[in-house]
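Accompanying notes for the structure given below.
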Amino acid sequence: MEASQTEERAFHKKQKVTFYALFPAILCPLCLLFPYGYSIGTISSAALPLQDFYRQTYLERYNATIDEATLDLLWALTPTFYPLGGVFGAPSVPWLVRKFGRKKSLLLVQPICIVATLLLSLSEVIKSFETLMIGRFLLGIVGAIGTGITPMYISEISASHIRGIIGSLCSVSIVFGILIGNVLGLKQVLGTASGWPYLLAISAIPSVIFILYSPWLPASPRVLYFDMGKYEEAEKVLKRLRGTAEVELEIKSFEEEAKQSSQNKVMSILEVLKTRRVRWQMISVMVLMSSFQLSAINGIQFYFDQVFITAGIPPDLIDYVKLGVLVAELLVTALSGYFCERFGRRFLLLVGYSVICVFMIVYTIMTAFQDKVDWFSYISAVASLGIICGFCIGPSLVYVIAPELLDQSSRPAIMTLGVLVLWISFAIVTFATPYMFDALEFAVFLPFLAVMLATLIFTYIVIPETKGKSLIAIQAIFGKRNKISITSATLNNNHKHPAHINPAYEEDSYDKL
């Protein structure tokens, strides 16, 4: 065992961080997940001019002033159409991956993003808030596909010893998008009646960059090896990605995984729902993905102003407090990749959920008594930052840990279910949050607190540490919980076809990678 670990550490030292692997691993999250965050940030920062646009459009169309209840409903629907698009986009991920592969799937959806951006930016010209909602719906479809495929792709091209750091770039890119959306949405920049169409048009720029660079994106060695059976091509790509000719240990791990799963085929969603072998893996991924949204993170970020108004922050200071919180969030998110490799995934999840719970309690108490003690409002603002930092430490790592819990045969279907749950939770939280503020006021975070406590307990009991563990070892841990033998944990005897050759891939389909 010790000899094996020594051999693996020596192998990690031989791997180089090559430009061929690193640049795409940075570019893909920035191009494909930055718009996710940017869509959140712009709606939050440009709320006032957009609501004025709704009022003016309604007045010109119906020759009547819009009532506040109707405006509130339209405004609650506007951000909600983004995750609703995600609910429709998420189920398409397995089909896209099987039909076109990782790279080509990501490339094919970029024209949808460009069309959506045109609808957003032209909605003011044609005086249609419905067009704006449709544009956000289409962006949600692209966002769901991006969140479903991007973590999988960058994990597969990255060296194992930096995979946690690379995986954290997904969250960093989202937070960076939120920050830039809020900065550009300031009334001193583009958050004005004439500037917001240009603010929304910027979403198309990452898509154009991705399309231009796509010919140079590397193939996924796992797709080459397991799905296409091109073993020599997989080894060749690995050597270039790792910057060394000595990739025998990684190829050996592929061979061992293929041997252990030789009776598995790529599973459908219906099959993973029925199969005992992957039951707790599926439950774990769905719990982790739902916790991403039920931490209230997007409820806070879509409605930053309402959070700080409820906390008692003066309106003229809200923009500055908001930007300060977002900068801190970006820094903590960027550091989470290092902490992920230093302390492990499970530990950070437990810390993150605990931090969220503590600061939700602090926010609730301080906001409840802010009328009696003036400075409690600033403690509430700090508590909001604490909730966000707790999210960055813990729940944001689901993009790293979720794929690591799954074997090659179940990963596409279970990740699809997980991403679908994430987007459904996203839609519910986004629509419900403004009404929750009206109904619950200072107690708005208590329902989220209950969910976070339950998730903390679940993580402590069920989720294994994946850092430094092979895929086979992780499946063996889940095998005990699934109450099956170690052999059954890595084999699915109902399937006779090799998992490492996917018949959906043609012999000449190298461009599908």
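The model shown is predicted, which means the values in this text are computed figures rather than measured ones. For reference, positions follow the sequence shown, starting with 1. Excluded from the calculations below are hydrogen atoms, water molecules and symmetry mates; all remaining heavy atoms, backbone and side chain alike, are included.
A donor-acceptor pair is defined here as one N or O able to donate and one able to accept, closer than 3.5 Å; no such pair exists between the side chain of S220 and the backbone of Y153. Looking at T117, its side chain never comes within 3.5 Å of a backbone N or O of A201 through a donor-acceptor pair. The backbone N or O of L224 sits nowhere less than 3.5 Å from a side-chain atom of E233 that would complete a donor-acceptor pair. Side-chain N or O atoms of E156 include none that pairs as donor or acceptor with a backbone N or O of R222 at under 3.5 Å. Put simply, the side chain of S290 gets close to the backbone of V287: a donor and an acceptor are under 3.5 Å apart. Here the side chain of T150 pairs no donor or acceptor atom with the backbone of T147 at under 3.5 angstrom. Counting only distance, with no hydrogens or angles, the side chain of Q110 and the backbone of L106 share a donor-acceptor pair below 3.5 Å. In this structure, R411 contributes its side chain and P403 its backbone to a donor-acceptor pair below 3.5 Å. Formation of a donor-acceptor pair under 3.5 Å by the S410 side chain with backbone atoms of L406 is not found in this model. A donor-acceptor distance shorter than 3.5 angstrom exists from the side chain of R346 to the backbone of Y460, with no hydrogens or angles considered.
Listed here is the closest heavy atom pair of F302 and S39: CE2-O, 4.2 Å. What you find for P221 and F254 is that their closest heavy atoms are O-CE2, 4.1 Å. Residues I472 and E256 approach most closely at CD1-CG, 3.5 Å, considering heavy atoms. In plain terms, the two heavy atoms of R345 and I401 that are nearest each other are CB-CD1, 3.7 Å. Residue T333 comes nearest to C392 through the heavy atom pair OG1-SG, 2.9 Å, listed as atom of the first residue, atom of the second, then distance. Among all heavy-atom pairs drawn from A144 and A90, the shortest one is CB-N, 3.6 Å.
Inter-residue side-chain proximity for L323 and V183 is flagged as met; some heavy-atom pair is nearer than 4.5 Å. Counting heavy atoms from C-beta on, the side chains of Q475 and L471 come closer than 4.5 Å. Y38 is not listed as a side-chain neighbour of I178, based on a closest heavy-atom distance of 4.5 Å or more. Contact annotation: the side chain of R277 approaches that of S409 to within less than 4.5 Å [non-hydrogen atoms, C-beta and beyond]. Looking only at side-chain heavy atoms (C-beta outward), P206 and L30 stay at 4.5 Å or farther from each other. Looking at P395 and I297, their side chains never come closer than 4.5 Å, going by heavy atoms from C-beta outward. Within the 4.5 Å cutoff, side-chain heavy atoms of M267 are placed close to those of T275. The side-chain heavy atoms of L241 and P218, taken from C-beta on, include a pair separated by under 4.5 Å.
The one candidate from V109, L118, I114, I112 that meets the side chain to side chain contact (heavy atoms under 4.5 Å, CB included) condition with L138 is I112. Applying side chain to side chain contact (heavy atoms under 4.5 Å, CB included) to L288 and the options V398, I283, L397 leaves one that passes, V398.
Two rings, from F23 and Y213, have their centers less than 6.0 Å apart. Between W423 and F88, the ring center distance fails the sub-6.0 Å criterion.
The number of heavy-atom neighbours closer than 6.0 Å to CZ of R481, taken from other residues, nucleotides and ligands shown, is above 12. Heavy atoms of other residues, nucleotides or ligands lying less than 6.0 angstrom from CZ of F343 number more than 12. Within a 6.0 Å sphere centred on NZ of K469, heavy atoms belonging to other residues, nucleotides or ligands number more than 12.
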*asked:* Apply side-chain contact (heavy atoms from CB on, under 4.5 Å) to residues Q293 and I428 and explain how you reach the verdict.
replied: CA-CA 9 Å; Q293 297 297 340; I428 293 171; over 6 Å; no

*Yes or no on ring-ring contact (aromatic ring centres under 6.0 Å, His included) for Y82 and F137, after CA distance, side-chain angles and deciding distance?*
CA-CA 5 Å; Y82 184 79; F137 181 83; over 10 Å; no

*List the steps, then state whether side-chain contact (heavy atoms from CB on, under 4.5 Å) holds for I166 with S155.*
CA-CA 7 Å; I166 293 299; S155 174; over 6 Å; no

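The aromatic rings of F426 and Y36 sit parallel to each other, their planes meeting at less than 30°, with 60° as the upper class boundary.
Atom CG of L32 is separated from atom CG of L27 by 8.0 Å, given to the nearest 0.5 angstrom. Note that NZ of K230 is 11.5 Å distant from CD of E232, once rounded to the nearest 0.5 Å. Atom OG of S171 sits about 6.0 Å away from atom CZ of F391, to the nearest 0.5 Å. Atom CG in L349 sits 8.5 Å away from atom CD in E465 (nearest 0.5 Å).
A donor-acceptor contact closer than 3.5 angstrom links the side chains of N482 and Q281.
Salt bridge status for E235 with K239: present, with a side-chain N to carboxylate O gap under 4.0 Å.
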